[in-house]
4 protein chains.
Amino acid sequence: MWIHLSNESKDPLYKQLKDQIKQQIIDGTLEGDTELPSIRTLAKNIQTSVITVKRAYSELEQEEFLYTRAGRGTFVKATEKRILQQKVEKQFETEVDRLFQLGASLGLSIEEMMTIIQRLKEERK
Amino acid sequence: MWIHLSNESKDPLYKQLKDQIKQQIIDGTLEGDTELPSIRTLAKNIQTSVITVKRAYSELEQEEFLYTRAGRGTFVKATEKRILQQKVEKQFETEVDRLFQLGASLGLSIEEMMTIIQRLKEERK
Amino acid sequence: MWIHLSNESKDPLYKQLKDQIKQQIIDGTLEGDTELPSIRTLAKNIQTSVITVKRAYSELEQEEFLYTRAGRGTFVKATEKRILQQKVEKQFETEVDRLFQLGASLGLSIEEMMTIIQRLKEERK
Amino acid sequence: MWIHLSNESKDPLYKQLKDQIKQQIIDGTLEGDTELPSIRTLAKNIQTSVITVKRAYSELEQEEFLYTRAGRGTFVKATEKRILQQKVEKQFETEVDRLFQLGASLGLSIEEMMTIIQRLKEERK
DNA sequence: GTGGTCTAGACCACT
DNA sequence: GTGGTCTAGACCACG
């Protein structure tokens, strides 16, 4: 498993780790029932503390991306692609909502927001 | 001046205060050269410490929304509406960028993101 | 006497007042033995407190630009132009020295400093 | 790290601290990604309060000389020498501008100012 | 009265 | 252990 934690990132380490595992599950790099490295092994590999890995694993477990069997290890939860896709979209929607709220609090109309979003979208192409 | 701070918000107090003042400047409730309440008065009114208010005021001063003069008080900076608008848009753009990055890390294409954004926009109407 | 105090200036009011009187003495607008307005009168005129004017007058007296006769008033000290010029240059030199020190502390050589100074001088023309 | 704070300086403590750290970054004593002492450790060492150190660190972070991560520490930001040089020159330019303004307010022509500057430069050699 | 600086504590999230 | 936030005091310069 390829993980890269950056010391300069503003995200806390546990979140960087969590996000990277999550993404690998989403894009199919990590398939259902794959066994993840043990907390201690992974901690050693990416040179961080056990606590950090533990936190990432348990939050992913709570979000139903992983499951743990005591004494055996931690595994990727087998999930239909469709369900996975739904999860992803739901998370994205939450953030879009937040964005709309921010825009409104700044006094922007929804049309003004869309104009800006469209412009930035074009720039990204 | 109407301020409401919540202990339940996950934003720190100084940020809640800062955001509310900023918004009132943006929407025109607070006009240029208006004198704000003194840090001590405001602190008493909203039942928080002087330092919390001070911090909100100084960050807003740094972002050029306020100016403060020792011994005289703190005032809203007179700013052309056009400049204000630019500041607002810039802040919004930063957040849109962040959203696009999040979407990409979730494996969504930019078109998929736009579809979701459009759908939520319609729902908000 | 023409005085303009700005609320937006970063300088304290007493310093703005002091500097403006000083400049008028230097450029000859205020000649030797001219009587200045009384502290109270001036304070009323420029809409500030007596304390502020008092401080400006007494610092100028200390720097030998003014003299006060109890019960009679405050007057501009008659000074040869040559002496005045010397005072001015001395004050300016102090600031130049400070600038050189700052530059040195920033790791700039004296030649680098001169290059920047020359460039800014040209731009001001 | 060598820091010396003086109670006699008219600069506030946090500014003295800030300036000294900044200078060590500029002259290369502190290299990119070097970890600075924790705010608590440094506060103890230089016998000042945690808040004073915190303030110096955060202002330097805002000026992009440092970055700090909760739970990890505070580090010198890796910056190209070229960028660093630009920052330094910009700061110096601000001060030169101020000097020119002072000179003008004293009734000196720009050529008179340059004469004085040149003379003092020669004396420093 | 105003803001600017500083101290000596405290609790929280993160490692 | 680290930094982030917050409180309740204090003294100073300015008006």
Side-chain angles (χ1 to χ4, degrees), chain A residues 5 7 9-18 43 46-56 59, chain B residues 5 7 9-18 35-44 47-58 61 66-75, chain C residues 5 7 9-18 43 46-56 59, chain D residues 5 7 9-18 35-44 47-58 61 66-75:
Chain A
L5 301 189
N7 197 33
S9 165
K10 281 187 188 175
D11 284 342
L13 298 178
Y14 85 89
K15 189 164 186 306
Q16 293 182 48
L17 177 54
K18 183 181 151 186
I46 60 180
Q47 299 188 52
T48 186
S49 88
V50 173
I51 292 182
T52 303
V53 179
K54 196 179 177 73
R55 177 153 184 189
E59 294 204 359
Chain B
L5 301 189
N7 276 317
S9 165
K10 71 174 189 175
D11 281 345
L13 296 177
Y14 83 89
K15 191 164 186 309
Q16 293 181 46
L17 177 52
K18 184 181 153 184
E35 179 167 1
L36 293 182
S38 83
I39 49 178
R40 283 166 181 80
T41 307
L42 185 51
K44 218 172 258 177
Q47 300 190 50
T48 183
S49 97
V50 171
I51 285 202
T52 304
V53 179
K54 176 69 175 61
R55 175 154 188 191
Y57 277 18
S58 3
E61 182 175 8
L66 302 181
Y67 63 91
T68 139
R69 297 294 173 257
R72 281 177 265 166
T74 301
F75 308 83
Chain C
L5 301 189
N7 197 32
S9 166
K10 280 187 186 171
D11 284 341
L13 298 179
Y14 85 89
K15 191 165 183 305
Q16 293 182 46
L17 176 54
K18 183 181 152 186
I46 60 182
Q47 299 188 51
T48 186
S49 87
V50 173
I51 292 182
T52 304
V53 179
K54 197 178 176 72
R55 178 154 184 187
E59 293 204 358
Chain D
L5 302 188
N7 275 317
S9 165
K10 71 172 188 174
D11 281 347
L13 296 176
Y14 83 89
K15 189 162 189 307
Q16 293 181 47
L17 178 52
K18 184 180 154 185
E35 179 168 2
L36 293 182
S38 83
I39 49 178
R40 283 167 180 79
T41 307
L42 185 50
K44 217 174 257 175
Q47 299 189 51
T48 182
S49 97
V50 171
I51 286 202
T52 304
V53 178
K54 175 70 174 60
R55 175 154 187 191
Y57 277 19
S58 358
E61 182 175 8
L66 303 180
Y67 62 92
T68 139
R69 296 294 171 256
R72 282 177 262 165
T74 301
F75 308 83

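Since this is a predicted model, take the numbers as computed values, not measurements. Numbers restart at 1 for each chain; the letters A, B, ... are given by sequence-line order, proteins then strands.
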Engineer: Does the base of E:dG3 carry an N or O that pairs as donor and acceptor with the side chain of B:R72 under 3.5 Å?
Structural biologist: no
Engineer: Considering only side-chain heavy atoms of D:R40, which listed nucleotide, E:dT15, F:dT7, F:dG3, is closest?
Structural biologist: F:dG3
Engineer: Kindly point out which of F:dG4, E:dT2, E:dC6 is positioned nearest to the side chain of B:S38?
Structural biologist: E:dT2
Engineer: Roughly how many Å is it from NZ in B:K54 to P in E:dT5, rounded to a whole number?
Structural biologist: 6 Å
Engineer: List in chain and number order the residues that pass side chain to side chain contact (heavy atoms under 4.5 Å, CB included) with B:S58, two or more places apart in sequence or in another chain; answer none if no residue qualifies.
Structural biologist: B:K54
Engineer: Across the strands shown, which category fits A:T48 at heavy-atom distances under 4.0 angstrom: base, sugar-phosphate, nothing?
Structural biologist: nothing
Engineer: Starting the side chain at C-beta, find the nucleotide from E:dC6, F:dT5, F:dT2 nearest to D:T41.
Structural biologist: F:dT2
Engineer: State which of E:dG4, E:dC6, E:dC14 makes the closest approach to the side chain of B:T68.
Structural biologist: E:dG4
Engineer: Picking from F:dC14, F:dC6, E:dG3, which would you name as closest to the side chain of B:I39?
Structural biologist: E:dG3
Engineer: Quickly work out the D:L42 CG to F:dT2 C1' distance and round it to whole Å.
Structural biologist: 14 Å
Engineer: Let me have DNA chain E in dot-bracket notation, would you? Count Watson-Crick plus G-U wobble pairs, both distances under 3.5 Å, and use [ ] for pairs crossing earlier ones and | for inter-strand partners.
Structural biologist: ||||||||||||||.
Engineer: Need one value for B:I51: base, sugar-phosphate or nothing, where a base atom within 4.0 Å counts as base even if backbone is also close, heavy atoms only.
Structural biologist: base
Engineer: Would you indicate which nucleotide in F:dC14, F:dG3, E:dG3 comes nearest to any side-chain atom of C:R55?
Structural biologist: F:dC14
Engineer: Whole angstroms only, please: what is the NZ-P distance between D:K44 and E:dA8?
Structural biologist: 12 Å
